[in-house]
Amino acid sequence: MLLCQIVLLTCSSTLLAQRGGHSAGRPSTGASNPTPNTSDMTDFNRAIALQATPDQLAQFQQLNKSTETASQQAQNLIQAPNNASTPNSSRYTDLSDALDEAQTKLQQFVGSFSSAQQSGLKPQIKKLSKADSDVSKQSKDLAKELERSQIDDKKLVAITEKLDKSLTGFRTELVDLGKEMGIQP
């Protein structure tokens with residue numbers, strides 16, 4: 001009997017470990033039933049409401065590509081204004097077409113937003129609209145300069161540089177909006 005008691009005393013830690021440790025009789029305080037954090041749930045529900053649909057994702061990618069094309073066209077015109085023997089409006093046709101396409105795709109993209117997206121993304125939409133307005137203004141300035149009888153190549157380059165800067169701002173706002181919608185750039 002003494003021998004059995006000694007064995008039990010020396011092996012008690014092993015026996016308790018098989019039972020779950022020294023917490024016998026006490027309720028578990030583990031994370032099996034965590035209390036939901038209302039802030040986390042609100043953030044989660046907001047993210048779900050703002051998440052882009054597959055169609056919106058495709059529209060975003062097309063819009064981003066159109067904007068990138070317009071920016072590339074502007075940069076090409078800025079970097080190589082002297083490649084043409086005379087400045088003429090035909091060199092700016094591709095830029096104008098790319099700008100028109102980007103603005104059409106922007107209208108389609110924003111037009112596809114649900115009411116929850118429109119409400120939840122209001123600040124981002126406002127910033128993007130302002131950036132689009134800047135691009136439109138610079139585009140109109142460029143068109144006016146191209147309509148003049150005496151085209152000043154240096155002035156065209158300066159206007160195109162402003163347009164390119166506006167496009168960069170637009171693309172930044174577009175990427176920020178995309179991130180809010182769960183779209184990775």
Side-chain angles (χ1 to χ4, degrees), residues 31-81 83 89-146 156-185:
S32 62
N33 248 349
T35 307
N37 184 340
T38 56
S39 175
D40 289 343
M41 286 302 292
T42 302
D43 291 346
F44 176 76
N45 289 334
R46 180 181 185 277
I48 294 298
L50 301 181
Q51 186 173 12
T53 64
D55 188 44
Q56 288 171 335
L57 176 61
Q59 289 176 344
F60 178 89
Q61 290 170 339
Q62 290 173 351
L63 172 58
N64 193 37
K65 184 177 179 181
S66 295
T67 307
E68 186 177 329
T69 300
S71 184
Q72 186 63 48
Q73 292 292 333
Q75 289 171 13
N76 289 345
L77 291 168
I78 292 166
Q79 293 171 358
N83 286 353
S89 60
S90 65
R91 295 185 331 159
Y92 291 84
T93 303
D94 290 340
L95 173 59
S96 180
D97 291 346
L99 289 170
D100 289 344
E101 182 179 335
Q103 289 177 322
T104 300
K105 291 190 182 303
L106 174 64
Q107 291 171 353
Q108 292 171 345
F109 179 61
V110 174
S112 73
F113 290 179
S114 68
S115 57
Q117 287 172 324
Q118 289 173 356
S119 175
L121 297 169
K122 192 174 278 188
Q124 290 84 3
I125 294 170
K126 186 176 180 179
K127 288 179 183 178
L128 186 62
S129 293
K130 184 181 180 320
D132 181 50
S133 179
D134 290 345
V135 169
S136 293
K137 180 189 177 308
Q138 297 304 324
S139 179
K140 287 176 186 174
D141 289 349
L142 181 62
K144 284 179 188 176
E145 185 61 32
L146 290 170
L156 278 176
V157 170
I159 293 170
T160 306
E161 286 174 342
K162 288 180 183 178
L163 177 59
D164 186 48
K165 185 176 179 180
S166 294
L167 281 167
T168 299
F170 178 84
R171 290 185 71 201
T172 299
E173 296 303 332
L174 181 63
V175 168
D176 288 347
L177 175 68
K179 286 179 184 176
E180 285 294 317
M181 296 178 75
I183 302 172
Q184 298 301 318

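Partners of Lys137 under the salt bridge (charged side-chain N to carboxylate O under 4.0 Å, His left out) rule, at least two apart in sequence or in another chain, are Asp141. A search for salt bridge (charged side-chain N to carboxylate O under 4.0 Å, His left out) contacts involving Glu161 returns nothing, not counting sequence neighbours. Annotation: side-chain contact (heavy atoms from CB on, under 4.5 Å) contacts of Asp132 (sequence neighbours excluded): Gln103, Leu106, Ser136, Phe170. Considering only residues two or more places apart in sequence or on other chains, Ser39 meets the side-chain contact (heavy atoms from CB on, under 4.5 Å) condition with Asn37, Asp43. For Lys165, there are no salt bridge (charged side-chain N to carboxylate O under 4.0 Å, His left out) partners at least two apart in sequence or on another chain. Residues that satisfy the side-chain contact (heavy atoms from CB on, under 4.5 Å) test with Asp94, not counting sequence neighbours, are Gln73.
Although no hydrogens or angles enter the test, the distance criterion places no donor-acceptor pair under 3.5 Å between the side chain of Ser119 and the main chain of Ser115. For the pair Ser71 (side chain) and Thr67 (backbone), a donor-acceptor distance under 3.5 Å is absent. Between the side chain of Ser129 and the backbone N or O of Ile125 there is at least one donor-acceptor pair closer than 3.5 Å.
A donor and an acceptor atom, one from each side chain of Glu101 and Ser66, are located under 3.5 Å apart. Using modelled atom types and a 3.5 Å distance limit, the side chains of Asn64 and Glu68 yield no donor-acceptor pair.
Leu156 approaches Glu145 most closely through the heavy-atom pair CD2-CG, 3.6 Å.
Just one residue in the list Gln107, Gln117, Gln59 forms a side chain to side chain donor-acceptor pair (under 3.5 Å) with Ser112, and that residue is Gln59.
Leu177 is listed as a side-chain neighbour of Phe109, based on a closest heavy-atom distance under 4.5 Å.
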Q) Between Arg46 and Glu180, is a side-chain contact (heavy atoms from CB on, under 4.5 Å) present by the stated rule, with each step listed? A) CA-CA 10 Å; Arg46 180 181 185 277; Glu180 285 294 317; 3.1 Å; yes

